[in-house]
*Asks:* 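Before anything else, here's the structure in question.
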Number of protein chains: 2
Amino acid sequence: MVKRSETSGRLDDAARAGWLYYVAGRTQDEIASAMGISRQSAQRLVSLAVAERLIKVRLDHPIAACLELGNQLRRKFGLRHVEIVPSDPGSSSTTVGIAEAAASEIERWLKRADPIVLAVGTGRTLKAAVDQLPAIECPNHRIVSLTGNIAPDGSAAYYNVIFSMADAVKARHYPMPLPVLVTSSEERELLHGQQLVRSTLAISAQADVTFVGIGELGIDGPLCVDGFLEKDEMMELMRAGAAGEICGWIFDAEGKLLDNPINERVASAPIPPRDSSTVIGIAKGKRKFRAIKAAITGHQVNGLITDEETAEFLLSN
Amino acid sequence: MVKRSETSGRLDDAARAGWLYYVAGRTQDEIASAMGISRQSAQRLVSLAVAERLIKVRLDHPIAACLELGNQLRRKFGLRHVEIVPSDPGSSSTTVGIAEAAASEIERWLKRADPIVLAVGTGRTLKAAVDQLPAIECPNHRIVSLTGNIAPDGSAAYYNVIFSMADAVKARHYPMPLPVLVTSSEERELLHGQQLVRSTLAISAQADVTFVGIGELGIDGPLCVDGFLEKDEMMELMRAGAAGEICGWIFDAEGKLLDNPINERVASAPIPPRDSSTVIGIAKGKRKFRAIKAAITGHQVNGLITDEETAEFLLSN
DNA sequence: GCCATTGATGAGTAATTGCCCATGAGCAAA
DNA sequence: TTTGCTCATGGGCAATTACTCATCAATGGC
């Protein structure tokens, strides 16, 4: 006898329960009796549907304050695309809100009929955004990673973005089989000379749109936490005026790439051109204020998804 | 107009509250203190956001479309229970998908704690469904067949459902020791007068839930293929406007039982009452479109398990 | 075969939410 | 100014939902 009550069947049930709860507006009691299960089980299915992201909620109202902040930011920094989500003062998350917004924006691009090249960086924020993506089929598009997923110890960083994206989005995807930082500029040249890497670099240069996180520096910043840089290297960078990084490319408070040996060791692809393509930074939070400010000041990105609190800082400084 | 700006400001607040509630996942209490209002006001804003459709919920799962079709069918035809499974365009099977779904639904009923009477019809679809049932013990329930399993030549039809069901489900079961069609209404009365048959008929009339196939007519339909009706009898029925049959009971395109001598010879139990019990039809496929349409239009069934393709036909005609 | 692990389940309970109602502010007409 | 109306408000309470815990069955490794 075939066993049917398995994971996929359970997800089906979760979808059904979630639909009945959120779309049809039934109570969990009603769902329980309709599906012949206990109320507790119905509750579990509903929360499973949420946890598995079968249920997507989006807010379809331009909050005036956010729109206004967005407009001001767009004007002040000459940005192509700005999206501001409300701040949640009680939350310490660095992704809530902007991840959903970024996912919507990614989805918008992927739904275009004409073939595009979509590039992604890496980082926790971007990972959170990609995790919000629904399943999409878009065989015409290509998705390329600007940066590698290999940690100094040889393992793949858990928040590598492009593989998570490949789970949800059916498109050709091009990972970058490199670390973020190598030991010397010579090693970088060597690695970049490999055929596979070269073709991936070539594709990334044609990106129509790029989504990147913006990293703060400091010993709590991602480059240190993930072990790409030692503490003393970081301190040296800070002394040299470093303000933030995108895909490992380190820039100063004016958003200019730092003329520093460490930038010679960055193995990521260059950030696609801001004058001919869209490069959207996704970041929020006090710790990143300085890095974000620098990135948009120096046009390392020409688009930004952030929250109200951050937007207010950017406008007032 | 001051009023207007106040209203839009209120919608703005509603959007913000809705965002905090659904996207950021805060409780209404937290939202209230964050926005400096009472909890009740926060609740009102959240429900306003829903009422004004600022909050859009979407279900990201293959069965989302099915649920929507099911909902529309339920409304349009006043059905109690609708289940739509995805169509498999590459398959010519008339049972794949709906058999599994029907089995799940049967299982759901059989798992109920309170004793029920479950009635079944016959047919290939139902047989396929019953073959999907796992072993269940439910000594409290009774399972009754609405229709006989004896072919005109005296043999038992291979797809008789109740005996297959008895293999999997441990419950009292009541077969109907009759043919589907007898030679005359007099013979029917005679057979129905037998004690054994009478008690089975009585049980079937108390059915809480009934699962039946919906048969199409025509010389390739089950009644002809299985030799219950001769070709010329079938042709005559078609001329009389017959559109489909359930347990041998033949109905026209409006789903009304046909006033025809052949219906006088049907030895099956009457289909249990649709106003006080659940009668679920299981059928899909182009050849059955007309029969299914008729059955739900005329309330021969008040529940339906079918596939997307069929559901779309039923909604568009 | 035996045991640890995983995961589902239902009961019980705490937390959260929805709703009714009395109140009072704001406002227009008398 | 008064009256009457509308509507937002918060208290109170019932309904609903979320969570914890103990149990149990299935699974997989030893």
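These numbers come from a predicted model, not from an experiment. So that the names make sense, note that chain A is the first sequence line, chain B the second, and so on, each numbered from 1.
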*Asks:* Are OP1 or OP2 of dT17(D) and a side-chain N or O of Y21(A) less than 4.0 angstrom apart?
*Replies:* yes
*Asks:* Any donor-acceptor pair under 3.5 Å joining the side chain of Q40(A) to the base of dA11(C)?
*Replies:* yes
*Asks:* Mark yes or no for whether S33(A), through its side chain, and E30(A), through its backbone, hold a donor-acceptor pair below 3.5 Å.
*Replies:*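 Pair found, side chain donor or acceptor close to backbone of E30(A).
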*Asks:* Is E107(A) salt-bridged to R58(B), going by a charged N under 4.0 Å from an acidic O?
*Replies:* yes
*Asks:* Report yes if at least one side-chain N or O of S41(A) is closer than 4.0 Å to OP1 or OP2 of dG10(C); otherwise report no.
*Replies:*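 Checking S41(A) against dG10(C): at least one side-chain N or O falls below 4.0 Å of OP1 or OP2.
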*Asks:* Report yes if the side chains of L133(A) and S164(A) come closer than 4.5 Å at any heavy-atom pair, otherwise no.
*Replies:* no
*Asks:* Tell me which nucleotide among dA18(D), dT20(D), dT16(C) gets nearest to the side chain of R44(A).
*Replies:*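 Selected nucleotide: dT20(D).
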*Asks:* Can you tell me the distance, in whole Å, between the CD1 atom of I31(B) and the P atom of dT16(C)?
*Replies:* 12 Å
*Asks:* Tell me whether the rings of F289(A) and F313(A) are parallel (<30°), tilted (30 to 60°) or perpendicular (>60°).
*Replies:*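 Parallel: the ring planes of F289(A) and F313(A) meet at under 30°.
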*Asks:* Atom CZ of R39(B) and atom C1' of dC19(C): how far apart are they, to the nearest Å?
*Replies:*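 Answer to the nearest Å: 10 Å.
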*Asks:* Rounded to whole Å, how long is the line connecting atom CZ of R26(A) with atom P of dT17(D)?
*Replies:* 11 Å
*Asks:* Between dC19(C) atom C1' and Q28(B) atom CD, what is the distance in whole Å?
*Replies:*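 Interatomic distance, CD of Q28(B) to C1' of dC19(C): 12 Å.
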*Asks:* OP1 or OP2 of dG10(C) versus the side-chain N and O atoms of S38(A): is any pair under 4.0 Å?
*Replies:* yes
*Asks:* Think Q43(B) has a side-chain N or O under 4.0 angstrom from the OP1 or OP2 of dT9(D)?
*Replies:* no
